[in-house]
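Following: one structure in structure tokens, then a few remarks.
Letters go in sequence order (proteins before strands), and every chain restarts at 1.
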Number of protein chains: 2
Amino acid sequence: MTLSSQYQVITSPLGDGLHKDGKRLTPQRLKVLNLFENIGAGNHLSAEEVHEKLIKSSSKVSLATIYRTLRLLVQMGLLHELELSEGGHRYELLSNETADHHHLICIRCGRTEEFESDEVLNAGKVAAKVNGFKLIESSLNVRAICPNCI
Amino acid sequence: MTLSSQYQVITSPLGDGLHKDGKRLTPQRLKVLNLFENIGAGNHLSAEEVHEKLIKSSSKVSLATIYRTLRLLVQMGLLHELELSEGGHRYELLSNETADHHHLICIRCGRTEEFESDEVLNAGKVAAKVNGFKLIESSLNVRAICPNCI
DNA sequence: TTATTATTGAGAATATATACCATCTCTTAA
DNA sequence: TTAAGAGATGGTATATATTCTCAATAATAA
Ligand SMILES: [Mn+2]
Ligand SMILES: [Mn+2]
Ligand SMILES: [Zn+2]
Ligand SMILES: [Zn+2]
């Protein structure tokens, strides 16, 4: 009762998406999403990295909750899950500006470059249609060796 | 000494590839490769599935050796390693007839269809060249829902 | 304010894959 | 044909990534 914040009706895109589904807007969920928003697009973080970054910013969230939250944010369409290489999944912010894009990955050092290709997206569309599948997403991973690692 | 086979010089593509590298042709390695050859192209098996299939054909090979052998056969260019979805890597026979191809995967039931696309391969080539990377391989995974699962 | 129930944190449990090591066996060279 | 040497195997322990369990907590709606 020392703060009036508990009486305010807080509205946010995340909160709205959660509430209309019987889910709750928690500080942990906000922290995870804010991390991705602050770090900007083009960053591909693992669950472990999200965990470490939040600890460094003195906003500890348990690792179990990080995993739960990443899955939730992917389901909500706010994050994108990637399988770039070994060492588990990675996640990146999914924004309207950042169109569907693909990844060129150095198998030696992990350096990752992004690129777009309408031809690739179209190939995925065609393959789905031809087989009567309902398309969800296409992702092209190009495994290669970067100039520094050759 | 009951059999003369120990005096025969046995030659095989697998054996040759192994011997010129100081490696050995073992029954276990033959069993794993034969399984893929017998089952034919277009099958995507996990290490666990290879293990089970060999046990069923009364040719048990330890799981540790399965993992070692799959890695070896990939290095030798006889198998191809796939990351279709959850549940670990899968492997398929790599033959000359089976050109580079891509996969359309049902995220509900796992059904997988294969397709080819020169446009996709070209997009990978271009992306590598533009960034000065040495291309290894491009793989397009199309996540979708199959007719049975819609 | 209170009741409801989703969510969290901590650690156990699971899944996939690799490491270790004693034992075995494929190869090559006597 | 034999034997030495190096590579391979099997069984198990370990590593890593992720999920599960459950009691305690806290967001939401009434
Ligand atoms: Mn990206
Ligand atoms: Mn295939
Ligand atoms: Zn590199
Ligand atoms: Zn399906």
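In the set C/dT8, D/dG7, D/dT9, the nucleotide with an atom closest to the side chain of A/Arg29 is C/dT8. Comparing C/dT27, D/dT28, D/dA8 against the side chain of A/Arg24 picks out D/dT28 as the nearest.
Straight-line distance from the NZ atom of B/Lys20 to the C1' atom of C/dT27: 17 Å, rounded to whole Å. Rounded to whole angstrom, the span from the NZ atom of A/Lys23 across to the C1' atom of D/dA26 amounts to 17 Å. Look at OH on B/Tyr91: it is 10 Å from C1' on C/dT16, rounded to the nearest Å. B/Lys31 has its NZ atom 11 Å from the P atom of C/dC26, to the nearest Å. The distance from atom CG of A/Leu18 to atom P of D/dA27 is 13 Å, rounded to the nearest whole Å. In this structure, A/Leu30 atom CG and D/dA27 atom C1' are separated by 12 Å, rounded to whole Å.
Applying a 4.0 Å cut-off to non-hydrogen atoms, the residues of residues 66-82 of chain A that approach DNA chain C are A/Arg68, listed by residue number. Applying a 4.0 Å cut-off to non-hydrogen atoms, none of the residues of residues 44-63 of chain B approaches DNA chain C.
Residue B/Gln28 places at least one side-chain N or O under 4.0 Å from the OP1 or OP2 atom of D/dG10. Phosphate proximity of C/dT16 to B/His89: absent, as no side-chain N or O sits under 4.0 Å from OP1 or OP2. Phosphate proximity of C/dT27 to B/His19: present, with a side-chain N or O under 4.0 Å from OP1 or OP2. Remark: A/Thr26 is not in phosphate contact with D/dA26, judged by side-chain N or O atoms under 4.0 Å from OP1 or OP2.
Hydrophobic clustering keeps A/Leu84 apart from A/Leu79 (ILVMFWY residues linked when any side-chain heavy atoms are closer than 4.5 Å, directly or through intermediates).
For the pair B/Ile105 and B/Gly110, the tightest heavy-atom approach, listed with the atom from each and the gap, is CG2-O, 4.3 Å. Annotation for A/Ala144 and A/Leu104: closest pair CB-CD1, 3.9 Å, computed over non-hydrogen atoms. The shortest non-hydrogen separation linking B/Ala128 to B/Leu135 is CB-CB, 4.0 Å. In terms of heavy-atom proximity, A/Ile66 sits nearest to A/Ala47 at CG2-O, 3.7 Å.
Each of A/Gly87 and B/Gly22 was assigned the nucleotide of DNA chain D with the nearest heavy atom; the assignment lying further toward the 5' end belongs to B/Gly22.
A salt bridge between A/Arg71 and A/Glu81 is absent, with no side-chain N of the basic residue lying under 4.0 Å from a carboxylate O of the acidic one. Between A/Arg111 and A/Glu113, at least one side-chain N (NZ, or NE/NH1/NH2) sits under 4.0 Å from a carboxylate O, which counts as a salt bridge.
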Show me the donor-acceptor pairs within less than 3.5 Å that the side chains of residues 24-35 of chain A make with the rest of the protein, sequence neighbours left out.
unit_1	atom_1	unit_2	atom_2	d
A/Thr26	OG1	A/Arg29	N	3.2
A/Arg29	NH1	A/Arg24	O	2.7
A/Asn34	ND2	A/Leu30	O	3.2

Query raised in the report: Does the pair B/Glu83 and B/Arg90 meet the rule for a salt bridge (Lys or Arg N to Asp or Glu O under 4.0 Å), with working shown?
Result: CA-CA 6 Å; B/Glu83 320 207 28; B/Arg90 290 180 169 271; over 6 Å; no
